[in-house]
Amino acid sequence: DQQVKQNSPSLSVQEGRISILNCDYTNSMFDYFLWYKKYPAEGPTFLISISSIKDKNEDGRFTVFLNKSAKHLSLHIVPSQPGDSAVYFCAASDRLRNTGKLIFGQGTTLQVKP
Amino acid sequence: KAGVTQTPRYLIKTRGQQVTLSCSPISGHRSVSWYQQTPGQGLQFLFEYFSETQRNKGNFPGRFSGRQFSNSRSEMNVSTLELGDSALYLCASSLGTASYGYTFGSGTRLTVV
């Protein structure tokens, strides 16, 4: 049972435009969500996170939106840059019951074209 | 400050052998989690240690084990290696929970032949 899903395996956008990456989850006990960026043969790099008590968190070009009723979150990158090309993972945590454990989606490969 | 250090970076082992991977967390971080990344299964949680105690465990067979030392460094061991154990093994360190964030190392690429 995949509790965190990223239904788009890949996304291609033009430099300067907005990139929107989506993530759905099924477990209502998740109370913290994170986005990571990953290059091949490297570990994931933390981008941005959001607590379930918020619906938006912003950090520079990156904004994460959380819709609890729909169990959906999205990552917006504005403007997109070629250096943003990587695999993006969303991850969810149930901080109370499952310490140290992140449930990851399958990832979305973002390609930003110059 | 130094990041999360995993050694070795690459490893080739034969079926049936055992392997030990090492992870040194960021200074001050007491939580270390381990993940397996494969093309088919994505990133899957193995286990988490906090102050030398295993706090959480994923759905992996008993061949996968770990431990944490008093200096928070952690090791994971895989015994009786199978071809399907070939993967990128990642460790992540944290001050405690997801609220503090998890910082990942670069991983150990294990190939079982």
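Just so it is clear, the values below take in all heavy atoms, side chains as well, and ignore hydrogens, waters and symmetry mates. Residue numbers begin at 1 in each chain, while the letters A, B, ... track the order of the sequences.
Counting heavy-atom neighbours within 6.0 Å of B:Ile12 CD1, excluding the residue itself, gives a total of 12 or less. For B:Arg15, the CZ atom is loosely surrounded, since the number of other residues' heavy atoms within 6.0 Å does not exceed 12. The neighbour count for A:Arg17 CZ, taken as heavy atoms of other residues, nucleotides or ligands under 6.0 Å away, does not exceed 12. Within a 6.0 Å radius of NZ in A:Lys68, no more than 12 heavy atoms belonging to other residues, nucleotides or ligands are found.
Contacts between A:Ser93 and chain B at a heavy-atom distance below 4.5 Å involve the side chain alone, from C-beta outward. With a threshold of 4.5 angstrom between heavy atoms, A:Phe33 does not approach chain B through any atom at all. At a 4.5 Å heavy-atom cutoff, A:Tyr39 makes no contact with chain B through either its backbone or its side chain.
Under a hydrophobic-cluster definition in which Ile, Leu, Val, Met, Phe, Trp and Tyr are linked whenever side-chain heavy atoms come within less than 4.5 Å, directly or via other members, A:Trp35 and A:Phe65 are assigned to different clusters. Note on B:Trp34: it clusters hydrophobically with B:Val112, by side-chain heavy-atom contacts below 4.5 Å among ILVMFWY residues. In the hydrophobic clustering of ILVMFWY residues, with side-chain heavy atoms under 4.5 Å counting as a link, A:Leu47 and A:Leu66 come out together. Transitive grouping of hydrophobic side chains (ILVMFWY, heavy atoms separated by less than 4.5 Å) brings A:Val13 and A:Val64 into a common cluster. Side-chain heavy atoms closer than 4.5 Å link hydrophobic residues (I, L, V, M, F, W, Y) into clusters, and following such links, even through other members, never connects A:Leu75 to A:Leu34.
Contact detail for A:Gly100 and B:Ser33: the closest heavy-atom pair is O-OG, 2.8 Å.
Contacts of residues 65-85 of chain B with chain A at a heavy-atom distance below 4.5 Å are absent; not one residue qualifies. By a heavy-atom distance cut of under 4.5 Å, A:Lys101, A:Leu102, A:Phe104, A:Gln106 are the residues of residues 101-114 of chain A near chain B, going up by number. Listed by sequence position, B:Tyr35, B:Gln37, B:Gly40, B:Gln41, B:Gly42, B:Leu43, B:Phe45, B:Glu48, B:Arg55 are the residues of residues 35-55 of chain B in contact with chain A, using a 4.5 angstrom heavy-atom cutoff. The contact list for residues 86-95 of chain B toward chain A, using heavy atoms and a distance under 4.5 Å, reads B:Leu88, B:Leu90 by residue number.
Two residues are said to be in side-chain contact when any heavy atoms from C-beta on lie closer than 4.5 Å; A:Tyr36 and B:Phe104 meet this criterion.
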